[in-house]
Protein chains: 2
Amino acid sequence: MALEHAILVSLLEKPGSGYELARRFERSIGYFWTATHQQIYRVLKRMENDGWVEARDVPQRGRPDKKEYSVADLGRAALSSWLHDPIEPESVRHDLAVKIRGAAFDDPAALIREVERHRQAHRDRLAHYLAGEERDFTGPEAGAAAPDASPDAERELQHVVLRGGIAYERMMIGWLDDVLATLARFRPGH
Amino acid sequence: MALEHAILVSLLEKPGSGYELARRFERSIGYFWTATHQQIYRVLKRMENDGWVEARDVPQRGRPDKKEYSVADLGRAALSSWLHDPIEPESVRHDLAVKIRGAAFDDPAALIREVERHRQAHRDRLAHYLAGEERDFTGPEAGAAAPDASPDAERELQHVVLRGGIAYERMMIGWLDDVLATLARFRPGH
DNA sequence: ACTTGCTATGCAACGAGTTGCATAGCACGA
DNA sequence: TCGTGCTATGCAACTCGTTGCATAGCAAGT
């Protein structure tokens, strides 16, 4: 399980409450790791019991108090040990690929709209990534104006992960074009 | 859940036992959907109860009997209805990306070997895919000699899914090269 | 005879992830 | 003032997926 480790990384980048973490998992972290707020609250509680993180009550104006978590020494050690462990052949689940092979036993052309929807979603996400890259990682000073001026290594590593997302989206768009061209060959009257 | 649907597709391509399915999920199907034998047996039993598949005892020489499953009308209908349902923004889990961002809080250079291992695994898989493509989808007659001569649509769709796997592996290899170049900049004495 | 290894199926327990629901404070507009 | 919506946290029930173990037949080597 790596949700704990994803949370540790996120809290090291910036301490925050369960709610804030949940929102990060809808945004930047969520691009390579998804989690719902229930999962996050449950795991945070376990991590607090294990001494991986420490909570601090933060009263707020105009909204409920929050519990702000930050990483404790034990958590840092746990992350470090996980980083040094070799891992996983990562298991894969591509619904769309199942659908495409399944389309051979149904009407292949019926899949065209679905594939177009997915291609559009990948285009949108690519545009979103590129905008983020432009904003945070380019231009004069090469990011000196970035939010809270993270150290070099942190920024460079965030950037290379983002480049991975960009490469992934471009690959998917290209492949979905290929899929559409293939499906088009089965159009009625062809 | 799409394991049921992945099994339906696999059984439509060719009927087989739970054991045989488990092996397919280590091979071709497993390239885009993983499952262990326990999962498969459990789901097959449920699918049999629901009338999606039918089992037939097949005695064998020199080995235990097997239960060969094939898709029933209800299963075909269920697959068809799933194919027509729009779906999922697919949730993502990339351990390696978590590790890379986490490396900012540890020694980034310690990650190099791990990334190299992954790159090699992707190279191996790419070579395996390309060999499969060569074997099944190229050459004179363009696959007329392929195993059990599947209909055109089935073969073409299998091919386009395989091309997706190839594109994915190429993208990953390129990105991991990028990651290695980035990590190299943090080498001790740099 | 003994071990190793492959085919073939399955149970039981656990852990991870999802879904639905509940609570509560406060802001803002109709 | 009433509903809508956002911040903030959490429980309970369920499903999905993993791990460890068990059984059993037969083949092949030592």
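Letters A, B, ... mirror the listed sequences (proteins, then strands); counts begin at 1.
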Whichever of Leu3(A) and His37(A) has its nearest DNA chain C nucleotide further upstream toward 5': Leu3(A)
Over how many whole Å does the gap from Glu26(B) atom CD to dA8(C) atom P extend? 13 Å
Measuring to OP1 and OP2 of dT9(C), would you say a side-chain N or O of Arg42(B) lies under 4.0 angstrom away? no
Of dC11(D), dG17(D), dG10(C), the nucleotide closest to the side chain of Arg93(A) is dG17(D)
Looking at Arg23(A), does any N or O in its side chain come under 4.0 Å of the phosphate oxygens OP1/OP2 on dT7(D)? yes
Round to a whole Å and report the spacing from CD1 of Ile40(B) to P of dG10(C). 13 Å
Atom-pair distance (CZ on Arg56(B); P on dA8(C)), nearest Å: 14 Å
Within this structure, what is the CD1-to-P distance between Ile7(A) and dA16(C), rounded to whole angstrom? 12 Å
Integer-rounded Å distance: dA12(D) P and Lys45(A) NZ: 11 Å
Taken to the nearest whole Å, CD/Glu48(A) to C1'/dG10(D) is 14 Å
Sidechain-backbone polar pair: Asp50(B) side chain, Trp52(B) backbone, donor-acceptor under 3.5 Å: no
Could you tell me how the ring of Tyr168(B) sits relative to the ring of His94(A): parallel (under 30°), tilted (30 to 60°) or perpendicular (over 60°)? perpendicular
Do the side chain of Glu13(B) and the main chain of Ser10(B) share a donor and acceptor less than 3.5 angstrom apart? no
From the options dG17(C), dT9(D), dT18(D), select the nucleotide whose nearest atom is closest to the side chain of Lys67(A). dT9(D)
Any N or O donor-acceptor pair linking the side chain of Gln38(B) to the base of dG17(D) at under 3.5 Å? no
Applying a 4.0 Å non-hydrogen cut-off, can you work out what Ser17(A) is touching in the nucleic acid: base, sugar-phosphate, or nothing? sugar-phosphate
Compare side-chain N and O positions of Tyr41(B) against OP1 and OP2 of dG10(C) and report whether any pair is under 4.0 Å apart. no
Most 5' of Thr36(A) and Asp65(B) on DNA chain C, judged by nearest nucleotide: Asp65(B)
Under 4.0 Å between a side-chain N/O of Tyr19(B) and OP1 or OP2 of dT7(C), yes or no? yes
Are the ring centres of Tyr31(A) and Tyr129(A) closer than 6.0 Å? yes
Figure out the CD/C1' separation between Glu68(A) and dT7(D), and round it to whole Å. 15 Å
Lys66(A) NZ - dC6(D) C1' separation (whole Å): 15 Å
Candidate list Gln120(B), His122(B), His128(B), test side chain to side chain donor-acceptor pair (under 3.5 Å), partner Asp124(B), passing option: Gln120(B)
